[in-house]
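Structure first, commentary second.
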Amino acid sequence: MPEGPSILLMKENLLPFVGKQVTEASGNAKFDKEIFIGQTLLEIRTFGKQTYLIFDNAAIRIHLLMFGSYSIDEQTKPDQSLRLALIFSTGGMYFYTCSVKSVDLEFLSSIDWEADVMSDQWNPAKAKKKLKANPEMMVCDALMDQNIFSGVGNIIKNEVLFRIGVQPESLLGNLPPQKIKSLIAEARNYSFDFLEWKREFTLKKHWLVHTKSTCPICGQKLIKKQTGKGKRRSFYCEKDQTLY
DNA sequence: ATACATGTTGGCGC
DNA sequence: GGCGCCAACATGTA
């Protein structure tokens with residue numbers, strides 16, 4: 001489920017509940033669910049991989065992490081994995097094996113919404129500044145950094161780096177300006193391609209390097225390696241992706 | 001069946 | 001106190 005585009009799709013699916021009143025709240029998430037009963041869901045906002053269900057006095061923050069999932073209108077998984085269920089007169093939303101907590105509305109204003117690569121508020125110039133401030137950082141870590149590219153996950157990371165022909169362990173400070181530019185542009189572009197492919201259930205078919213073994217350009221064997229401080233797996237072509 | 005994976009956090013040691 | 005590294009967690013799949 002979890003990279004930014006998938007979360008945007010989840011939001012779309014939850015949208016019919018906006019304007020509706022919560023009639024029941026349950027699940028094993030450890031926070032005061034009762035206070036949301038009788039409250040109207042005012043808005044759903046996403047920030048990268050996070051989702052905020054916004055009510056009058058507080059918001060519920062949901063993060064699917066690696067294995068989280070959700071369903072609508074019907075509980076589809078064992079009770080034990082149900083973190084949160086919100087029931088409305090028109091149906092319900094169910095969240096499983098994820099991080100759920102309540103945050104006050106003030107918290108929302110502390111979020112740097114301009115860091116969300118899929119947001120209308122996405123600010124490429126600001127991203128550029130953040131990259132400039134970290135010349136020693138590897139580009140693979142930069143892409144995964146939720147303060148810089150909120151919403152980007154490991155799949156997007158691998159595909160973006162292939163698209164722009166940059167080796168994952170390249171240092172930001174060594175990247176030529178036009179590579180920085182395409183890095184920022186493709187982080188957003190690929191996320192939207194991901195969104196459309198995911199919507200059509202053809203995402204995997206479009207992977208060029210992620211989980212692949214040969215380079216689609218030169219046919220050479222791809223390198224599979226844990227890279228960066230995050231030690232997340234990278235798939236890349238030594239020939240078609242330059243180490244800066 | 002064992003290992004690994006679309007992710008983050010909290011705790012430990014320095 | 002702050003930083004960095006790593007274990008822990010959770011579930012489906014190969």
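Just so it is clear, the model here is predicted, and its values are computed rather than measured. To find a chain, count down the sequence lines: A is the first, B the second, and so on, and within it residues start at 1.
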Using a cut-off of less than 4.0 Å, is there contact between a side-chain N or O of [X] and OP1 or OP2 of [N]?
X: A:K49; N: B:dT8; result: yes
X: A:H63; N: B:dG7; result: no
X: A:R232; N: B:dA5; result: no

Taking the nucleotide of DNA chain C with the closest heavy atom to each, which residue, A:K229 or A:K77, is nearer the 5' end?
->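 Of the two residues, A:K229 wins.
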Could you pick out which residue, A:K204 or A:S81, lies toward the 5' side of DNA chain C when each is mapped onto its nearest nucleotide?
->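 Taking each residue's closest nucleotide, the earlier one in sequence belongs to A:S81.
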Have a look at A:S99 and say if it touches a base, only the backbone sugar-phosphate, or nothing, with a 4.0 Å heavy-atom cut-off.
-> nothing
Name the one of A:I62, A:L15, A:I54 that satisfies side chain to side chain contact (heavy atoms under 4.5 Å, CB included) with A:I44?
->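 Option passing the side chain to side chain contact (heavy atoms under 4.5 Å, CB included) with A:I44: A:L15.
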Nearest whole angstrom, please: distance from the [atom2] of [N] to the [atom1] of [X].
X: A:K225; N: B:dA5; atom1: NZ; atom2: P; result: 15 Å
X: A:M144; N: B:dA5; atom1: CE; atom2: P; result: 12 Å
X: A:M137; N: C:dG4; atom1: CE; atom2: P; result: 10 Å
X: A:M66; N: C:dG12; atom1: CE; atom2: P; result: 14 Å
X: A:E159; N: B:dT6; atom1: CD; atom2: C1'; result: 12 Å
X: A:R233; N: C:dA14; atom1: CZ; atom2: C1'; result: 12 Å
X: A:Y96; N: C:dT11; atom1: OH; atom2: P; result: 12 Å
X: A:Q226; N: B:dT6; atom1: CD; atom2: P; result: 9 Å

If you measure from the C1' atom in C:dG4 to the same atom in B:dT6, how many Å do you get, rounded?
->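 Their C1' atoms lie roughly 25 Å apart.
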When rounded to the nearest Å, what value does the distance between C1' atoms of C:dG12 and B:dT9 take?
-> 22 Å
Should A:F36 and A:F95 be counted in the same cluster of Ile, Leu, Val, Met, Phe, Trp and Tyr side chains packed under 4.5 Å apart?
-> yes
Should the ring pair A:H210 and A:W207 be called parallel, tilted or perpendicular, given that the plane angle runs from 0 to 90° and is split at 30 and 60?
-> perpendicular
B:dT6 pairs with which nucleotide, Watson-Crick or G-U wobble, both distances below 3.5 Å?
-> none
Could you let me know what C:dA10 is paired to, Watson-Crick or G-U wobble, both distances under 3.5 Å, or none if it's on its own?
->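 Its partner is none (no Watson-Crick or G-U wobble pair with both distances under 3.5 Å).
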Identify the heavy atoms of A:P124 and A:I184 that sit nearest to each other, and give their distance.
->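 Looking at all heavy atoms of both residues, the closest pair is CB-CG2, 3.7 Å.
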When you measure from the side chain of [X], which nucleotide among [options] comes out closest?
X: A:I155; options: B:dG7, C:dA10, B:dT6; answer: B:dT6
X: A:H210; options: B:dT6, C:dA10, B:dA5; answer: B:dT6
X: A:L65; options: B:dT8, B:dT6, C:dT11; answer: B:dT8

Check ring-ring contact (aromatic ring centres under 6.0 Å, His included) between A:Y52 and all other residues, then give those that pass, not counting sequence neighbours.
->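 Expected list: none.
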Please confirm whether the backbone N or O of A:L86 pairs with a side-chain atom of A:E24, one donor and one acceptor, at under 3.5 Å?
->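 Side chain of A:E24 to backbone of A:L86: no pair is present.
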